[in-house]
Enquirer: 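This is the structure I have questions about; it appears just below.
Quantities reported herein were computed from a predicted structural model and do not represent experimental measurements. Note on naming: letters A, B, ... go to the chains in the order of the sequence lines (proteins, then strands), and numbering restarts at 1 for each one. Keep in mind that the numbers below use all heavy atoms, side chains included, and drop hydrogens, waters and symmetry copies.
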Number of protein chains: 2
Amino acid sequence: MCPLKKNPTIYDVAKYSGTSISTISRVLNSPDKVNVETRRKVSAAIDALGFVPKAEARARALRLNGRIGVMTPFFTAPSFVQRLRGIAGGLSKKNYDLVIYTVDSVDQLQSYLSSLPLTGNLDGLILMSLPIEDVAVNRLLKHHIPTVLIEFPHKKLNSVEIDDIGGGRMAAEYLVAKGHRRIAFLGDTDLPEYSIHPVSLRLVGFRQALQEAGITLTDEFVRLAPYTMEQTRQVAIELLSASNPPTAVFAATDFQALGMLKVARHLGIKVPEQLAVIGFDDLDMAEYADLTTVRQHLDESGRLAIEILLSHIADNSRPVQHINLPLNIVERITA
Amino acid sequence: MCPLKKNPTIYDVAKYSGTSISTISRVLNSPDKVNVETRRKVSAAIDALGFVPKAEARARALRLNGRIGVMTPFFTAPSFVQRLRGIAGGLSKKNYDLVIYTVDSVDQLQSYLSSLPLTGNLDGLILMSLPIEDVAVNRLLKHHIPTVLIEFPHKKLNSVEIDDIGGGRMAAEYLVAKGHRRIAFLGDTDLPEYSIHPVSLRLVGFRQALQEAGITLTDEFVRLAPYTMEQTRQVAIELLSASNPPTAVFAATDFQALGMLKVARHLGIKVPEQLAVIGFDDLDMAEYADLTTVRQHLDESGRLAIEILLSHIADNSRPVQHINLPLNIVERITA
DNA sequence: TGCTAAACTGAAAGTGCTTTCATAAATCGT
DNA sequence: ACGATTTATGAAAGCACTTTCAGTTTAGCA
């Protein structure tokens, strides 16, 4: 009869639609729990009255804001994306907003980390592949923001990690077992300075295991290229067209392994006969390319991260968790 | 005695300072109405407990940072990711929070669309590859939420689109010009029912152009497979191992083109000599695979969407824009 | 000293929404 | 057809604060 009141509340909507406030609340928050017919009536009432739920009241009743933040290096790397997918998947149906903060400098990271906790409108935070200083850790702790780190552990915060050194070793052992002696390493350099460099750890493990097999990794066989297809190709070409090229290459990321494969293809080098290539990550496209690789379950790492986060939001007295995800070699055909 | 509780409220402060919550509230809101001595005690308690009124924090945060929402189909498709990257890039340094909503059913889309404009505190919204009904459009308009649609235009809302039909034509013309007559189409079926299906449009254009070249696309040469590598392979195998296989295939997405290439490789079919493959999208990995493809600039679509959105947020009287992004063929080596 | 106005303060009633719990209705197996 | 579930709904108890209102001090002033 008389729509457009000043500021309709759920009480008004309830009256108008002939239901109760609980029902209104339900159609707003979990529509599937409301009979479709009732839902329709309520929606109509909401529209008719121009009802707008007040975020403040909601946050108060819920004792949380329903927002979880994810900070990630500006996602150029496919692996970040797959992790993000895991996070989004684990969060769907959970009634939390997913707020993405892309970081592209150490300054920005710092400033996010110093202001975000204070604004008090995040219920939890996930840091992907970002290093965090003690000061920032303490700030998060002090403000009781549940936090999960992916790929960059800190003893006081939850984390989901992998054993990069071990992964490097696995790659080395695999190639050695296949009989290779002339083995090269292809890594990237330009993960931005503020970001942890798991690639270096992979190199450490790789070198160790080779050492133990009596093989010395010479400088000539350790190549680093910025994380772009073009630069990777450049380095790959140098490596492969040397006078005495390697018979096997461990690329510290699948992305670079793919670059390597492309170069090999163009140079007419047969894979795996003349050149074995093993990658690291097991990106989606690794399967397409039949790339043998050290698999870390990227999606899973994201999924685990929110699981931990949500459980800590629900009960913030839970002890800190450090989860170590297993690695394994996926043997396809490039090595 | 025991400061640092989880989340101090005014009740805690009241107890700690031996006053009542009303007094705390007054100290916060109108200090001059509180006896200076009491005020001092309360302030001390506030400091000791590290009390931050939640509502205030929220309000401040909401003023300081704007929020842009992006709704996307649950991003399994690489193309969504690349668009998202464009969006994030265009938004960095802009002092807006990026809130991601992943949609995986038509119900969820509806419910987001009916509640987000109201409850979401969003300054603007981008819908990626999602169809939107008139009702929802009107709701957005009514609540003055600037919106940009990507890949699914609506006359009343801003949009960034491409000419899918034209793209299909380009592919056909390209293949015909190369002398092919036996040409097949590989599309996907399982873009979830709620999502627009640009692939069908590509097929329409493709068929048209073939027709004009005097070639009829038979049903046998139109194959649809769900959007997974496995299913795509299955269909590709059927197609290629038929008694009279096609000499060229247009895959409606690069992802499927890659699946096709993989199958061809496994069957020992030479590309492009025995089989030409052309894709659509120009994903990152298309370059790696040397895939000839119809390029749409995915990153750019996201960036443009954000630009339009921000300009409309700044001045909501601007007229609706419909931007049409150009397509072009990137000739690499698979076709 | 007695009486009133001014200055404080706390109890309690909102505020708009969520959620638990109990009840009522509908669906099902047999 | 009948108890057993399952599903849908409403009543009512929070949630973290603000504000009103009445009560208690205190101060002011004959």
Side-chain angles (χ1 to χ4, degrees), chain A residues 5-43 45-46 49-67 93-97 119-121 123 143-144 313-316, chain B residues 5-46 49-62 107 111 114-116 118-121:
Chain A
K5 196 182 149 191
K6 54 245 169 148
N7 266 329
T9 72
I10 47 175
Y11 291 91
D12 301 316
V13 180
K15 201 169 301 166
Y16 188 93
S17 65
T19 66
S20 78
I21 59 165
S22 330
T23 301
I24 314 302
S25 175
R26 259 177 229 118
V27 341
L28 256 28
N29 299 296
S30 39
D32 43 316
K33 304 209 166 197
V34 176
N35 183 292
V36 60
E37 176 56 22
T38 317
R39 187 161 66 205
R40 208 194 43 66
K41 273 195 311 199
V42 170
S43 301
I46 289 180
L49 297 180
F51 166 67
V52 179
K54 309 233 160 181
E56 186 213 324
R58 180 165 202 275
R60 173 163 27 97
L62 282 172
R63 277 159 315 171
L64 42 73
N65 325 270
R67 298 163 40 109
K93 296 293 179 194
K94 288 291 189 179
N95 236 346
Y96 277 92
D97 282 357
T119 64
N121 65 162
D123 299 312
H143 289 269
H144 305 99
I313 289 173
D315 173 5
N316 64 4
Chain B
K5 199 183 148 194
K6 44 222 165 175
N7 266 327
T9 73
I10 49 173
Y11 290 91
D12 300 315
V13 180
K15 200 170 300 165
Y16 189 92
S17 65
T19 66
S20 79
I21 59 165
S22 330
T23 302
I24 313 301
S25 178
R26 267 187 289 262
V27 171
L28 260 26
N29 299 300
S30 41
D32 44 314
K33 304 210 170 203
V34 177
N35 182 292
V36 63
E37 177 56 20
T38 317
R39 188 160 66 207
R40 208 196 42 68
K41 272 196 312 199
V42 170
S43 300
I46 288 180
L49 297 181
F51 168 71
V52 178
K54 255 194 169 178
E56 181 191 317
R58 253 190 72 79
R60 193 187 31 186
L62 289 178
D107 270 359
S111 95
S114 62
S115 62
L116 269 188
L118 316 175
T119 206
N121 298 104

Enquirer: Quick one: closest heavy-atom pair of A/R39 and A/V27, and the distance?
Expert: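 In this case the closest contact between A/R39 and A/V27 is CG-CB, 4.3 Å.
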Enquirer: Among residues 38-46 of chain B, which residues get a heavy atom nearer than 4.0 Å to DNA chain C?
Expert: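 Those residues are B/T38.
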Enquirer: Using a cut-off of less than 4.0 Å, is there contact between a side-chain N or O of A/T23 and OP1 or OP2 of D/dG10?
Expert: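 Result: yes.
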Enquirer: Does C/dG16 have OP1 or OP2 under 4.0 Å away from a side-chain N or O of A/T9?
Expert: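 No, A/T9 has no side-chain N/O under 4.0 Å of OP1/OP2 on C/dG16.
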Enquirer: With a 3.5 Å cut-off and heavy atoms only, can you find an N or O donor on one side and an acceptor on the other between the side chain of B/R26 and the base of C/dG10?
Expert: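 Per atom types, the contact qualifies.
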Enquirer: Can you tell me if B/S25 touches the phosphate of D/dT18, counting only side-chain N or O atoms and a distance under 4.0 Å to OP1 or OP2?
Expert: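 B/S25 to D/dT18 OP1/OP2: side-chain N or O found under 4.0 Å.
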Enquirer: How many angstroms lie between CG in A/N35 and OG1 in A/T19, if you round to the nearest 0.5 Å?
Expert: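 One gets 12.0 Å once the value is rounded to the nearest 0.5 Å.
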Enquirer: Choosing from D/dC15, D/dT9, C/dT19, which nucleotide comes nearest the side chain of A/A61?
Expert: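 Nearest to the side chain of A/A61 among the choices is D/dC15.
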Enquirer: To the nearest angstrom, how far is B/L28 atom CG from D/dA16 atom P?
Expert: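 These atoms are roughly 15 Å apart.
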Enquirer: Within this structure, what is the CD1-CG distance for the pair A/I313 and A/L64, rounded to the nearest 0.5 Å?
Expert: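 One finds 7.5 Å between CD1 of A/I313 and CG of A/L64.
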Enquirer: Determine: side-chain N/O of A/R58 to OP1/OP2 of C/dT18, distance under 4.0 Å, yes or no.
Expert: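 Checking C/dT18 against A/R58, a side-chain N or O does come within under 4.0 Å of OP1 or OP2.
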Enquirer: When you match A/A57 and A/G18 each to their closest nucleotide on DNA chain D, which lands nearer the 5' end?
Expert: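 Result: A/G18.
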Enquirer: Send over the distance from A/N35 CG to C/dA24 P, rounded to a whole Å.
Expert: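 So the two atoms are 18 Å apart, to the nearest Å.
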Enquirer: Take atom CG of B/N29 and atom P of D/dT20, then tell me their distance rounded to the nearest Å.
Expert: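 Spelled out: CG on B/N29 to P on D/dT20 is 12 Å.
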Enquirer: Considering the options A/N29, A/T23, A/I21, which one meets the side chain to side chain contact (heavy atoms under 4.5 Å, CB included) requirement together with A/S25?
Expert: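 Exactly one option meets the side chain to side chain contact (heavy atoms under 4.5 Å, CB included) with A/S25, and it is A/N29.
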Enquirer: Do A/Y11 and C/dC17 have a side chain to base donor-acceptor pair shorter than 3.5 Å?
Expert: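 Checked by distance alone, the answer is yes.
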Enquirer: I need the A/F51 CZ to A/S43 OG distance, nearest 0.5 Å.
Expert: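 Here the rounded value is 11.5 Å.
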Enquirer: Would you say the base of D/dA11 and the side-chain of A/S22 have a donor-acceptor pair closer than 3.5 Å?
Expert: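 Present.
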Enquirer: If I take atom NZ in residue A/K33 and atom P in nucleotide C/dT19, what distance separates them, rounded to the nearest angstrom?
Expert: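 Result: 10 Å.
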Enquirer: If I take atom CG in residue A/L64 and atom C1' in nucleotide C/dT19, what distance separates them, rounded to the nearest angstrom?
Expert: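 It works out to 13 Å between those atoms.
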Enquirer: Counting any heavy atom closer than 4.0 Å, what does A/L62 reach on the DNA or RNA strands: base, sugar-phosphate only, or nothing?
Expert: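 If one applies the 4.0 Å heavy-atom cut-off, A/L62 turns out to touch the sugar-phosphate alone, with no base involved.
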Enquirer: Which heavy atom of B/I24 sits nearest a heavy atom of B/I10, and at what distance?
Expert: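 Here B/I24 and B/I10 meet closest at CG2-CG2, 3.7 Å.
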Enquirer: Could you state the atom-to-atom distance from CD of A/E56 to P of D/dC17 in whole Å?
Expert: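 Nearest whole value for this atom pair: 10 Å.
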Enquirer: If you take all heavy atoms of B/T9 and B/D12, which pair is closest and at what distance?
Expert: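 Minimum heavy-atom separation between B/T9 and B/D12: N-OD2, 2.8 Å.
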Enquirer: Between atom CG in A/D32 and atom C1' in D/dT7, what is the gap in whole Å?
Expert: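 Nearest whole value for this atom pair: 12 Å.
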Enquirer: Is there a donor N/O on one and an acceptor N/O on the other, under 3.5 Å, for the side chain of A/R60 and the base of D/dG14?
Expert: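 Such a pair does not exist between side chain and base.
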Enquirer: Starting from P on C/dT9, measure out to CD1 on B/I10 and report it in whole angstrom.
Expert: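 After rounding, the gap between these two atoms is 16 Å.
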Enquirer: Which part of the nucleic acid does B/I21 contact within heavy-atom distance under 4.0 Å: base, sugar-phosphate only, or nothing?
Expert: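 It contacts base atoms.
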Enquirer: Considering non-hydrogen atoms only, spot the tightest contact between B/A45 and B/Y16 and give its length.
Expert: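 Answer, listing the atom of B/A45 first, then B/Y16: CB-CD2, 3.4 Å.
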